[in-house]
Visitor: 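Have a look at this one before I ask anything.
What's counted below: heavy atoms across the whole structure, side chains too, no hydrogens, waters or symmetry copies. Every chain is numbered from 1, with letters handed out A, B, ... down the list of sequences.
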There are 2 protein chains.
Amino acid sequence: MGQAATIKDVAQHAGCGVATVSRVLNNTGPASAEMRERVLAAVDALDFQFSEVGRSLQSNTTRTIGCVVPSIENPVYADAVQGAQEVFLNAGYQMLLICTNYNSEIETNAIRTLVAKQVDGVLLTVADAKNSEGLDLIKSRQLPHSLLFNEAPDGEISWSVGDHAAAALVADKFAENNHRHTGFLALNFLNSDRARQRYEGFVEGCANNSMTPPALLEVDDDGLDLTDHLKVFLQDHPDLTGIFASNDFLALATIRSARNLFIKVPQELSIVGFDGIKVGLMVEPSLATIETAPRDLGAGASQTILSLINGTSPPEKPSKNQTFSFRAGGSLMPLRAESKDGGKVAALPPSDDPTHKTAKIQQERST
Amino acid sequence: MGQAATIKDVAQHAGCGVATVSRVLNNTGPASAEMRERVLAAVDALDFQFSEVGRSLQSNTTRTIGCVVPSIENPVYADAVQGAQEVFLNAGYQMLLICTNYNSEIETNAIRTLVAKQVDGVLLTVADAKNSEGLDLIKSRQLPHSLLFNEAPDGEISWSVGDHAAAALVADKFAENNHRHTGFLALNFLNSDRARQRYEGFVEGCANNSMTPPALLEVDDDGLDLTDHLKVFLQDHPDLTGIFASNDFLALATIRSARNLFIKVPQELSIVGFDGIKVGLMVEPSLATIETAPRDLGAGASQTILSLINGTSPPEKPSKNQTFSFRAGGSLMPLRAESKDGGKVAALPPSDDPTHKTAKIQQERST
DNA sequence: TTTACTTGTGGAAACGTTTCCATAGGGAGT
DNA sequence: ACTCCCTATGGAAACGTTTCCACAAGTAAA
């Protein structure tokens with residue numbers, strides 16, 4: 001009832017020394033049958049359970065892993081975290097979770113705390129893996145760790161999506177569908193090395209396909225309404241026929257904003273997302289996107305950490321190109337093949353006036 | 001570099017006793033300016049950081065809170081967990097997260113582990129609050145805790161949605177829209193006291209509105225395809241015009257299944273969900289649902305736990321009726337007012353043959 | 001000068017474990 | 001009867017802290 005029983009209480013109740021209790025309960029070392037019984041009876045009577053704190057102090061091990069991610073409101077991270085948590089739990093480890101909200105100060109503090117708590121390992125997604133105070137701390141303490149979703153700097157292990165290659169594939173898909181003028185939409189560009197990787201990959205892919213370099217639209221508010229941003233963006237780039245959003249939520253928000261502007265997706269504007277969250281399959285039109293397996297990445301990174309701890313050989317990481325695939329969807333539609341001179345393009349099911357779109361925008365704006 | 005420095009190393013480096021180091025670093029008790037400086041220099045030189053394990057043992061406090069939820073793949077829990085985590089972090093507490101996957105054995109073990117880890121408090125959603133081994137353990141240890149989403153048994157604190165009242169409100173909304181024959185769709189009915197509450201509330205609400213008692217469809221697989229289930233269900237209940245799904249994911253799955261069966265939502269079948277996840281706003285038609293604020297619940301429950309720990313007065317819980325609201329959406333559509341004798345009903349925008357739907361199903365089945 | 005009280009300091013106990021070591025008893029081999 | 005080696009057991013040290021207490025030295029009041 002009152003204070004929790006300790007091993008001393010058990011020893012006293014069983015009429016033996018604490019060493020004996022420890023040996024019996026941990027099955028380490030000899031004990032007579034009678035003693036064994038007395039100890040177990042005492043445990044039962046006192047409802048005794050070992051204190052992990054005492055154990056940790058003695059064993060210099062906490063069986064706890066720290067996990068740092070930006071936010072679990074994003075299902076990509078939520079899935080990864082859950083996958084990780086399951087692996088850890090099966091291995092007898094618990095997981096300390098800290099969400100940084102994309103704030104690198106919180107990130108640094110979080111890691112400092114985890115180190116102080118003597119976690120046995122750390123699984124983390126940092127804002128910028130090449131420049132992270134927290135990551136440096138972990139390295140200097142030689143803590144077993146793995147990055148997640150970050151591009152791995154030299155000497156670091158990271159379970160991540162091949163952002164660069166995946167984004168290039170998106171460019172290929174736009175090209176296959178005869179899109180030449182595209183835009184790239186990013187949120188928190190500065191705070192995420194992932195978004196930058198995707199942008200660079202997309203730029204490169206566009207170049208490889210002889211497309212116009214993508215126009216960049218960077219938004220910074222987290223609000224779901226991109227309507228105003230999109231309106232201005234499309235006015236500035238009237239010949240744009242497709243947008244690659246750096247994640248699926250942005251893509252879905254873009255579709256809704258387009259709807260607000262009376263722009264038909266995909267007839268007048270094609271959208272491709274990134275991540276492959278389930279929701280993309282539920283919307284109309286379904287979202288064309290890069291499909292990834294966050295859960296597997298989380299699980300793999302966790303296993304890597306465990307093998308770092310145990311000194312066993314880590315699981316094979318998938319090759320960059322196995323970390324993603326293109327998911328076709330209704331939000332990406334072929335354009336009529338363009339003329340070689342790069343003239344105007346039109347949607348395949350002949351839409352009305354190709355200038356329709358911008359007209360709508362201007363008309364809306366004039367109200 | 002090698003092993004982490006301890007307070008002894010610092011003391012030795014600074015040429016003083018450990019007590020002095022502790023006093024300086026914690027600003028507890030006196031110390032000469034010169035000593036202070038020497039200690040700080042030593043800390044810097046050795047890159048010293050307190051071990052929380054040693055501290056925990058001494059202070060009998062871990063500044064760690066355990067959190068047990070079924071899964072964070074469901075955004076309802078993810079949001080709640082994130083809200084909780086933020087509150088805890090601000091108060092200087094870390095959060096140990098365990099997902100049970102709706103498995104009560106894992107749930108019990110998880111709680112046992114948390115108790116052994118000496119967490120200072122527990123935030124948890126259990127399968128069945130009236131009958132939970134883990135919850136009993138927490139109570140017997142007198143650990144500060146709060147339930148989350150569970151209906152609170154006697155003497156327990158829970159931050160939860162008024163499931164019963166909310167479900168009754170759904171019945172009201174169906175009634176307002178002239179639906180009389182409805183169904184209730186549940187997943188994991190046995191494993192969730194929430195689903196049962198919602199069912200009971202809906203049954204009561206239907207009765208209050210003189211509607212037919214809702215037909216019950218219980219599915220147990222987690223697969224996203226309900227098509228077969230839905231087909232049989234609608235065959236068994238041909239006059240059914242609306243379905244209340246016990247959560248939004250089920251509702252969305254139902255809409256897609258209906259689409260597979262060539263049943264138009266909402267013209268031929270209205271759907272209402274529960275939870276109010278954001279995705280519901282992104283689909284076409286938008287999902288009518290019960291809107292809840294999981295993040296606030298998580299934050300509130302966390303604050304309650306903190307005040308239990310500190311002995312301060314806990315935050316006010318919202319009254320049952322403030323925990324939810326009805327979110328109108330395109331998936332619920334009015335029917336033409338029915339005749340008093342309870343005859344056939346028809347969708348308000350005159351749809352074709354009212355038997356159309358079942359006909360479609362039979363037709364599809366015959367292929 | 002004595003007394004009394006402050007400030008600065010370090011030793012040591014305590015927190016709950018595990019594990020090393022010592023000891024006691026007993027059986028088997030000489 | 002002696003040694004040798006098992007099994008069973010308990011004492012005590014160690015892990016990294018905090019904190020109680022004792023002590024020394026200095027200062028102010030008597």
Visitor: Rounding to a whole Å, what distance do you find between Leu25(A):CG and dT18(C):P?
Guide: 8 Å
Visitor: Are OP1 or OP2 of dT9(D) and a side-chain N or O of Ser32(A) less than 4.0 angstrom apart?
Guide: yes
Visitor: Between Arg38(A) and Gly15(A), is there a donor-acceptor pair closer than 3.5 Å when you use the side chain of the first and the backbone of the second?
Guide: yes
Visitor: Can you find a heavy atom in the side chain of Ile65(A) that is under 4.5 Å from one in the side chain of Val119(A)?
Guide: no
Visitor: dT18(D) C1' sits how many Å from Asn60(B) CG, rounded?
Guide: 13 Å
Visitor: Side chains of Lys117(B) and Thr64(B): closer than 4.5 Å at any heavy-atom pair?
Guide: no
Visitor: When you compare the side chain of Pro153(A) with that of Leu147(A), does any pair of heavy atoms fall below 4.5 Å?
Guide: yes
Visitor: With respect to the side chain of Arg55(B), which nucleotide from dT18(D), dT18(C), dG16(D) is positioned closest?
Guide: dT18(D)
Visitor: Set out, in order, the CA-CA distance, both residues' side-chain angles and the distance that settles side-chain contact (heavy atoms from CB on, under 4.5 Å) for Glu73(A) and Arg295(B), then state yes or no.
Guide: CA-CA 10 Å; Glu73(A) 287 179 13; Arg295(B) 189 192 183 80; 2.3 Å; yes
Visitor: Between Gln12(A) (CD) and dG11(D) (P), how many Å, whole number?
Guide: 12 Å
Visitor: Does Gln49(A) reach a base, just sugar-phosphate, or nothing at all? Heavy atoms under 4.0 Å.
Guide: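 If one applies the 4.0 Å heavy-atom cut-off, Gln49(A) turns out to touch the sugar-phosphate alone, with no base involved.
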Visitor: Name the closest nucleotide to the Leu57(A) side chain, picking from dG16(D), dT17(C), dT18(D).
Guide: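 In terms of side-chain proximity for Leu57(A), the closest of dG16(D), dT17(C), dT18(D) is dG16(D).
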Visitor: Quick check: are there more than 12 heavy atoms from other residues, nucleotides or ligands sitting under 6.0 Å from NZ of Lys130(A)?
Guide: yes
Visitor: Considering every strand and a 4.0 Å limit on heavy-atom distances, what is the contact class for Gly17(A): base, sugar-phosphate, or nothing?
Guide: sugar-phosphate
Visitor: Whole angstrom is fine here: how far is it from CZ in Phe50(B) over to P in dT18(D)?
Guide: 4 Å
Visitor: With nearest nucleotides of DNA chain C determined for Val18(B) and Ser59(A) from heavy-atom distances, which residue corresponds to the more 5′ nucleotide?
Guide: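 Nearest nucleotide further toward 5': that of Val18(B).
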Visitor: Would you say a side-chain N or O of Arg23(A) is under 4.0 Å from OP1 or OP2 of dA8(D)?
Guide: no
Visitor: Which listed nucleotide (dG10(D), dT19(D), dT17(C)) is nearest to the side chain of Gln58(B)?
Guide: dT19(D)
Visitor: Measure CG/Asn27(A) against C1'/dT18(C) and give the value in whole Å, please.
Guide: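 For the pair Asn27(A) CG and dT18(C) C1', the rounded distance is 15 Å.
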Visitor: Rounded to whole Å, how long is the line connecting atom NZ of Lys8(B) with atom C1' of dA14(D)?
Guide: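 Distance check: Lys8(B) NZ to dA14(D) C1' gives 8 Å.
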Visitor: The side chain of Ala19(A) lies closest to which of these nucleotides: dG11(D), dT17(C), dT9(C)?
Guide: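 Within the option list, the nearest is dG11(D).
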Visitor: Of the nucleotides dC15(D), dT9(C), dT9(D), which one has an atom closest to the side chain of Ala31(A)?
Guide: dT9(D)
Visitor: Let me know the distance between CZ of Arg38(A) and C1' of dT9(D), rounded to the nearest Å.
Guide: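 That distance rounds to 11 Å.
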Visitor: Judged by each residue's nearest nucleotide on DNA chain D, which is more toward the 5′ side, Gly54(B) or Thr20(B)?
Guide: Gly54(B)
Visitor: Using a 4.0 Å heavy-atom cut-off, does Ser22(B) contact any base of the nucleic acid, only the sugar-phosphate backbone, or nothing at all?
Guide: base
Visitor: Answer yes or no: side-chain N or O of Arg36(B) and base N or O of dG8(C) forming a donor-acceptor pair under 3.5 Å.
Guide: no
Visitor: Glu37(A) CD to dT9(D) P: how many Å, rounded?
Guide: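 My rounded result for the distance is 13 Å.
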